[in-house]
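Here is how names work: the chains are called A, B, and so on, in the same order as the sequence lines, proteins then strands, and each is numbered from 1. Heavy atoms only: backbone and side chains are in, while hydrogens, waters and symmetry mates are out.
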Amino acid sequence: MKKGDHLFLVDGSAYIFRAYHALPPLTRKSDGLPVGAVSGFCNMLWKLVEESRDTNVGAVPTHFAVIFDYSSTTFRNELYSEYKANREEPPEDLRPQFGLIRDAVRAFDLPCIEKEGYEADDLIATYATQAVAAGGDVTIVSSDKDLMQLVGPRVILYDQMKDKRLGPDEVKEKFGVYPEKMIDLQALVGDTSDNVPGIPGIGPKTAAQLLEEYGTLEELLERATEIKQNKRRENLIEFAAQARLSKKLVTLDCETPLDTELDDLYIHEPDGEKLVAFLKAMEFTTLTRRVAATLDTDASEVESAKLEIEDAPRGPDLDAAKNPASPGDSVFPATPQRLAAKLKDDAAGQAIDRSAYVTIRDIDTLNRWLDRARDRGVMAFDTETSELSAYKGHLVGVSMAITPGEAAYVPLGHVAADADLLTDPDSAEALGGQIPMDEALVALKDVLEDKSILKIGQNVKYDLLVMLQHGIAMTPIDDTMLISYALDASSGLAGHGMDELSERFLGHKPISYKELCGSGRSAKPIAAVEIDRVTEYASEDADVTLRIWQVLKPRLAAEGLAHVYERLERPLAPVLARMEQRGIMVDRQILSRLSGNFAQKQAALEDEIAKMAGEEFNPGSPKQLGEILFGKLGLPGGKKTKSGQWSTDARVLEDLAAEGHELPRRVVDWRQLTKLKGTYTDTLPHHMDENGRIHTSFSMASTTTGRLSSSEPNLQNIPVRTEEGRAIRTAFVAPKGKKLLSADYSQIELRILAHIADIPQLKDAFQNGVDIHAMTASEMFNVPVEGMEPSVRRRAKAINFGIIYGISAFGLANQLAIPREEAGQYIKRYFERFPGIRDYMDKTKAFAKKHGYVETLFGRRAHYPDITAKNPQIRSFNERAAINAPIQGTAADIIRRAMVRMEGALADANLSAMMLLQVHDELVFEVEEDEIDETIEVVTNIMEAAASPRVILSVPLEVEAKAALNWEEAH
DNA sequence: CGCTCCTAACC
DNA sequence: AGGTTAGGAGCGA
């Protein structure tokens with residue numbers, strides 16, 4: 001080797017893994033031999049050979065070698081036994097390909113270098129050092145950061161897949177230090193994948209900054225006491241030895257004894273026939289053709305090479321979930337519980353490697369992946385959209401995972417980061433290409449609607465809605481969020497978001513949306529984030545979803561919750577997606593008129609309030625209001641809030657008003673108007689689409705009891721109580737020719753209580769259509785129902801509701817504004833008249849304490865682990881919640897069942913009514929005027945029969961339904 | 001800018 | 001008193 005020569009060193013081992021992960025492992029030869037990695041490897045190598053023949057591109061190699069790791073143990077293991085200890089065995093379908101890849105290199109007529117006890121990196125370091133000493137230049141084909149330390153004026157690193165060349169300046173840009181200091185930087189940072197310890201709490205940024213300041217690792221460690229940050233200083237001192245060890249581990253050996261001399265790497269023209277023979281044997285038709293053309297070889301004249309395979313190939317491995325415990329495993333005999341436990345352990349043990357994820361930029365690759373999904377019959381699927389709202393968001397890309405770790409992202413709607421395509425034409429180029437949206441959707445539709453392929457999502461309603469906007473109706477589906485919710489709905493910290501599930505069940509923290517896109521002012525749309533980063537984020541989401549599914553799905557059957565999931569959760573997702581997509585029509589003019597009206601009254605009240613207070617202040621500030629009322633004006637203050645402030649809630653102000661104080665009365669009125677205006681009349685128009693419709697988002701997994709919730713906007717708390725509030729409901733309308741139909745269950749929770757607690761008087765009353773609160777009052781206070789005072793009935797009503805809420809004397813006293821002793825008396829009498837109620841409460845509490853959860857009539861569980869808390873406040877709270885949950889939850893289950901059946905029933909009756917909203921015990925539909933009567937009939941029947949046949953209630957369910965031009969009149 | 005507190009709308 | 005979501009004030013980084 002001499003001056004002007006150029007050595008190419010290919011990091012073969014890294015190449016293999018990248019090739020393996022870049023291609024769907026399904027790639028097999030006709031005899032079933034897996035050859036995906038070989039194929040990828042040959043393609044990359046050929047591309048490199050072709051490129052280096054092209055004098056226009058850059059360096060032309062005079063010397064060339066492909067270098068492999070020989071074995072996993074090296075001299076580094078003697079220094080540190082844990083080195084690379086957590087490396088996983090290579091996948092089984094990759095193992096037989098290692099030998100073939102070395103054959104491939106020989107077929108290319110390139111030196112194939114490896115040496116026992118040394119890593120490929122050490123050999124690369126040695127050759128590179130020698131080449132530079134001889135005056136040559138070096139290109140190392142790899143993207144491994146461990147090789148950065150070799151970069152110098154004459155040595156560059158070439159990342160072929162990203163087509164990037166790294167010299168000293170690029171290393172500095174990427175890591176903040178020049179290559180000379182890379183070793184020190186790595187020693188500080190460590191490397192989790194290789195088990196190089198480094199120093200805790202120091203990442204690449206901090207390390208670069210410290211090296212900038214102190215020069216070298218040694219200097220830094222010696223002067224560690226000067227560091228200001230407490231934790232950082234302590235760690236540098238405590239883990240100094242660890243950093244020195246790390247340095248030895250990451251330092252490459254430039255003096256590896258070589259079996260092949262540098263000069264023997266001299267390049268020569270590949271032997272066309274030999275290479276073509278090999279490629280033909282591997283059945284790489286496209287590559288064979290290309291190589292034959294370039295090397296001027298007639299492929300038809302060449303016979304396939306004979307190959308020796310060192311390790312037997314095997315068929316496609318099965319999902320852990322499909323291939324449960326077998327004899328010999330510790331989980332045998334395979335109870336569902338043991339299976340679930342094993343799956344969890346397995347999942348937690350599998351590392352997640354984001355660098356293995358693939359970006360799919362052409363239709364052929366996409367089709368290969370989709371074929372993989374067809375082969376497996378299962379895929380995890382996720383969509384990325386321009387906004388967080390599924391209805392408004394535009395598709396930016398989709399990701400999928402076929403098996404754990406085998407995941408890819410398909411960018412579809414990305415834009416150049418800094419978006420000025422005119423002045424910066426390269427930025428469009430830098431995107432690297434995307435499959436045209438329509439073309440990709442056609443391919444995706446076939447799989448997403450294929451009944452034989454299960455699509456697993458996390459919060460799949462979101463993806464259903466996004467795809468629905470593109471005319472794709474995904475089916476069948478599974479949803480990890482809903483599975484988790486069915487298994488673990490609880491009031492505590494446990495949420496069902498993907499990041500939480502991943503940390504809980506996989507022990508892995510995925511990239512958060514915030515990390516990807518930033519937040520607040522610096523947030524950028526996901527479509528403008530670099531595709532490589534989105535690939536990691538989105539593929540990881542699909543990958544993690546698939547892994548979570550493998551852990552959680554078997555638990556459903558194991559824990560007896562399959563019915564809840566399959567009948568109450570999963571089938572509701574598409575129903576809700578369609579409801580959200582339809583939206584409800586709102587009359588903008590009505591809202592705007594109301595806003596104006598409210599504003600006038602509000603202003604008038606503000607004037608009065610200021611006059612009465614003697615000064616201007618913000619009545620919207622409880623703090624300021626408290627100071628005025630209880631400080632300046634010296635009114636008697638009642639309640640205090642948690643933080644010790646005077647309470648100024650409506651109750652307190654109304655009590656003051658009742659004593660003749662005008663100011664609090666005005667503030668109550670002002671507050672109401674402000675609320676109606678700020679939350680409804682001013683805000684709802686912002687949520688309207690171009691057709692005047694509002695699309696809420698229903699959350700299926702945010703309550704403990706099984707109720708839905710609604711947000712953005714919340715359409716489950718549209719005012720109804722006061723006249724002014726009800727006016728807002730008149731703005732919810734039906735389009736011309738249609739009406740809104742509202743159907744609501746009458747007293748459903750009390751009916752369920754009557755059934756569950758088995759209270760004869762309550763059951764009779766419901767069976768005979770008697771006024772339930774009047775009946776209760778009559779029993780409690782020994783007065784006839786006829787001619788009963790309204791206040792007596794009101795008290796009984798409050799008690800009935802209190803019972804459902806897990807009554808306490810404190811709460812009832814508050815509600816009725818009576819002394820606690822009196823409330824206690826009421827409760828006592830109630831229990832005497834309806835002893836079954838007390839039984840129910842005691843039994844429910846005992847059950848919850850024993851099991852940690854309670855159940856609805858349909859088997860849905862709500863968990864209350866804190867019900868055994870020492871703190872009586874916390875314990876009592878959990879007891880009340882546990883008493884309420886079966887009642888509220890059963891009602892929620894019943895309306896869910898009605899909703900799941902509703903669309904089919906309407907279709908069977910040839911009715912075009914569309915279900916739009918659910919408000920806990922009410923369903924709202926949009927109905928053609930000439931179909932109203934029939935629709936009421938169907939809707940009422942479905943709702944009233946919704947508990948059957950699973951649960952036969954001993955009280956009838958009654959539904960009131962009415963249609964009108966707007967929601968206020970229909971209700 | 002993001003969090004907590006307070007209040008209030010619904011069933 | 002059970003289950004929610006939302007908006008404004010106020011506070012601290």
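Nearest to the side chain of A:P622, among B:dT7, B:dC11, C:dA6, sits B:dT7. Among the nucleotides C:dG2, B:dC10, B:dT7, the one closest to any side-chain atom of A:R721 is B:dC10. The side chain of A:V919 lies closest to B:dC11, out of B:dT7, B:dC11, C:dA6. Here C:dG3 is the nucleotide among C:dG10, C:dA1, C:dG3 with the atom lying nearest to any side-chain atom of A:T704. The side chain of A:I807 lies closest to C:dA1 when the candidates are C:dG3, B:dA8, C:dA1. Checked against B:dA9, B:dC11, C:dA1, the side chain of A:F810 finds its nearest nucleotide in C:dA1. Set against B:dC11, B:dC6, C:dG10, the side chain of A:K623 has C:dG10 as its closest nucleotide. Closest to the A:F877 side chain, of the nucleotides C:dG3, C:dA6, B:dC11, is C:dG3. Of the candidate nucleotides B:dT7, B:dA8, B:dC11, B:dC11 has the atom nearest to the side chain of A:V720.
Neither OP1 nor OP2 of C:dT4 sits under 4.0 Å from any side-chain N or O of A:S711. Of the side-chain N and O atoms in A:N618, one or more sit less than 4.0 angstrom from OP1 or OP2 of C:dA9. In this structure, A:S621 reaches the C:dG10 phosphate: one of its side-chain N or O atoms is under 4.0 Å from OP1 or OP2. The side chain of A:R880 places an N or O atom within less than 4.0 Å of a non-bridging phosphate oxygen (OP1 or OP2) of C:dG2.
Separating the CG atom of A:N717 from the P atom of B:dC10 is a distance of 8 Å, rounded to the nearest angstrom. Between the CH2 atom of A:W646 and the C1' atom of B:dT7 there is a distance of 18 Å, given to the nearest Å. With rounding to whole Å, A:N800 atom CG is found 18 Å from C:dA1 atom P. The distance from atom NZ of A:K677 to atom P of B:dA8 is 18 Å, rounded to the nearest whole Å. Atoms OH (A:Y826) and C1' (C:dA1) sit 17 Å apart, rounded to a whole Å. The OH atom of A:Y830 sits 18 Å away from the P atom of C:dA1 (whole-angstrom rounding).
Counting distance only, with no hydrogens placed and no angle test, the side-chain atoms of A:R521 and the base atoms of B:dC1 include no donor-acceptor pair under 3.5 Å.
Here the rule is side chain to side chain contact (heavy atoms under 4.5 Å, CB included) with A:F834, and of A:I803, A:I759, A:D839 only A:I759 fits it.
In this model, no donor atom of one side chain and acceptor atom of the other lie less than 3.5 Å apart for A:T776 and A:E779.
A salt bridge does not link A:K962 with A:E969: every distance from a Lys NZ or Arg NE/NH1/NH2 to an Asp or Glu carboxylate oxygen is 4.0 Å or more. Ion pairing of A:E749 with A:R707 is present here, as a side-chain N (NZ or NE/NH1/NH2) and a carboxylate O approach within less than 4.0 Å.
Classification of the A:Y853-A:H863 ring pair by plane angle, with boundaries at 30° and 60°, yields tilted.
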